[in-house]
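One structure is given below, encoded as structure tokens.
Each ligand, and each atom within it, is numbered from 1 in the order the structure gives.
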Amino acid sequence: MGKDKFWGGRFEKEIDKKFFDFQKSIDFDWRLAKYDLYHSLVHVEVLKKEKIIKPQEAARLRQALKKILKEVEGRGFRPLKQSEDIHTEIHNRVSRQFPRQAEKLHSLRSRNDQIVFDEKMFLREEAESIEGKVRHVRLAFQRKARLHKKAFFISFTHTQRAQIIYFSQYLLAWYEFFSADEKKLNVFRKNLKLSLGAGAGSGVSLMQKHYQESLRKVGFSSESIEKIRNPLYTVSDRDFLIEFLFILSLLQMHLSRFCEDLIIYSSREFDYIELPEEFCTGSSLMPHKKNPDFLELVRGNTALVYSSLNAILVLLKSLPLAYNRDLQLDKNILFPVLDIIHKELDLLPSFVEKFKLKKDRINKVLREDYSLYATELAELLVRKGVSFSQAHRIVGELILYLEKEGKNLAGVPSAVLRKFHPYLSEEEVKNILNPAYILRKRGS
Ligand code: ARG
């Protein structure tokens with residue numbers, strides 16, 4: 001082994017300085033320090049069980065690793081410049097404390113095994129943390145829906161006004177989307193099991209039984225671990241990362257669609273929603289502007305999140321089994337996405353709480369736009385025995401007539417209505433032109 005690296009014996013020349021910088025990953029994989037320390041803590045137990053190290057040596061190594069773990073958890077951890085990756089970094093640090101014992105720490109172990117363990121453990125925690133944040137977003141929608149139980153809103157199809165709904169129904173649609181995301185994250189992390197001992201991909205002579213016992217000793221629950229069935233598979237597999245980025249892409253898509261809705265609804269043309277000033281910025285030129293920057297940036301972030309899913313698929317596309325250095329780059333794909341998602345989710349509950357429904361404006365639209373009642377009018381005829389296709393046509397003709405005459409449906413005398421169908425009367429229409437009545441009947 002070289003002085004600061006895990007390899008070097010068979011090399012006669014020093015590594016090219018610029019190439020060393022090009023290939024090292026410590027600048028970003030230091031985020032995995034905690035998980036790599038756990039790998040080492042388990043490995044120390046295994047080496048002790050296999051009598052490769054003595055109990056006193058194990059104690060020293062454990063002591064050194066726990067000291068570094070404290071630094072990492074206290075956020076006082078700064079990687080050394082010369083380490084090529086986090087695995088080397090931790091080894092070098094142990095070495096500084098107990099040089100002789102450190103020489104034995106990497107016995108019968110490969111970084112190919114370490115990295116896949118580190119990533120899985122990291123993702124289990126990340127998925128749990130994101131799941132918790134999505135729950136907060138979901139509950140924010142629920143709280144808002146409770147406050148707006150009977151407020152009216154308008155549903156759209158093809159971005160054209162469709163029917164009258166409760167605003168709470170609109171909000172609770174997002175509640176459903178985010179609870180689906182939450183469930184997916186939950187299932188994902190529970191299925192992602194940890195294992196050790198794949199070596200470089202061909203397995204090692206240490207017993208799987210000892211890995212399982214050691215994992216439990218270090219504190220991993222039986223549900224979170226599994227035996228390695230095929231080490232070649234274990235070190236080659238990054239499907240779990242693809243799956244995770246897919247779930248995050250779905251989540252981001254939901255966030256983006258919500259943002260798009262609110263950008264549209266808050267525009268002067270719609271004017272249904274008032275955005276909280278705390279989440280908007282102004283224009284440097286036009287004094288009147290209040291722009292929906294928060295929503296636009298979330299929508300814009302979708303480009304990078306979706307790209308990550310594509311990037312990871314392409315990264316894996318032609319990789320021969322088993323480990324290839326290309327895999328190091330999966331972290332460059334993953335980490336920026338996590339930073340984005342966390343920031344968005346941290347802001348969202350407060351945004352959801354603060355945006356306002358413009359009730360007066362909605363009620364004005366409901367008074368003026370009789371087309372929102374067209375479906376109910378057709379239903380009235382259907383309930384009186386008219387076939388649906390006939391009812392559909394009759395109401396369509398009535399709407400066309402009103403549009404051409406520039407009239408509102410309210411107040412059209414029965415004599416005129418009867419020309420369209422004898423079952424129509426001013427009285428019946430008046431009943432229909434009542435949002436509360438319609439929604440009570442619809443029962444959603
Ligand atoms: N840093 C690598 C990665 O992130 C793991 C180290 C494996 N390196 C190696 N030369 N086998 O995938």
Next item on the list: In plain terms, say whether E353 and R143 are close enough for a salt bridge, that is, a side-chain N and a carboxylate O under 4.0 Å apart.
Entry: no
Item checked: Test: R93 and E89 ion pair at under 4.0 Å ->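 Counted as a salt bridge, because a side-chain N and a carboxylate O are separated by less than 4.0 Å.
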Show every donor-acceptor pair shorter than 3.5 Å between a side-chain atom in residues 21-28 and any protein atom, with sequence neighbours excluded, or say none if there are none.
residue: Q23; atom: OE1; partner: R325; partner atom: NH1; Å: 3.2
residue: Q23; atom: OE1; partner: R325; partner atom: NH2; Å: 3.0
residue: Q23; atom: NE2; partner: F20; partner atom: O; Å: 3.3
residue: Q23; atom: NE2; partner: E84; partner atom: OE1; Å: 3.4
residue: S25; atom: OG; partner: D29; partner atom: OD2; Å: 2.6

Next item on the list: Name all pairs fulfilling the side-chain hydrogen bond (donor to acceptor under 3.5 Å, both in side chains) condition that reach into residues 277-287, sequence neighbours left out, sorted by first residue then second.
Entry: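 side-chain hydrogen bond (donor to acceptor under 3.5 Å, both in side chains) check on residues 277-287 returns T281-D293.
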Check: What residues, two or more places apart in sequence or in another chain, satisfy ring-ring contact (aromatic ring centres under 6.0 Å, His included) together with F355?
Finding: F351
Next item on the list: To the nearest 0.5 Å, tell me how far L241 CG sits from F246 CZ.
Entry: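 Reported value, rounded in 0.5 Å steps: 14.0 Å.
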Checklist line | Neighbour list for ligand 1 [protein residues, heavy atom under 4.0 Å] | finding: S25, D85, H87, R111, N112, I115, Y323, L327, Q328, K331
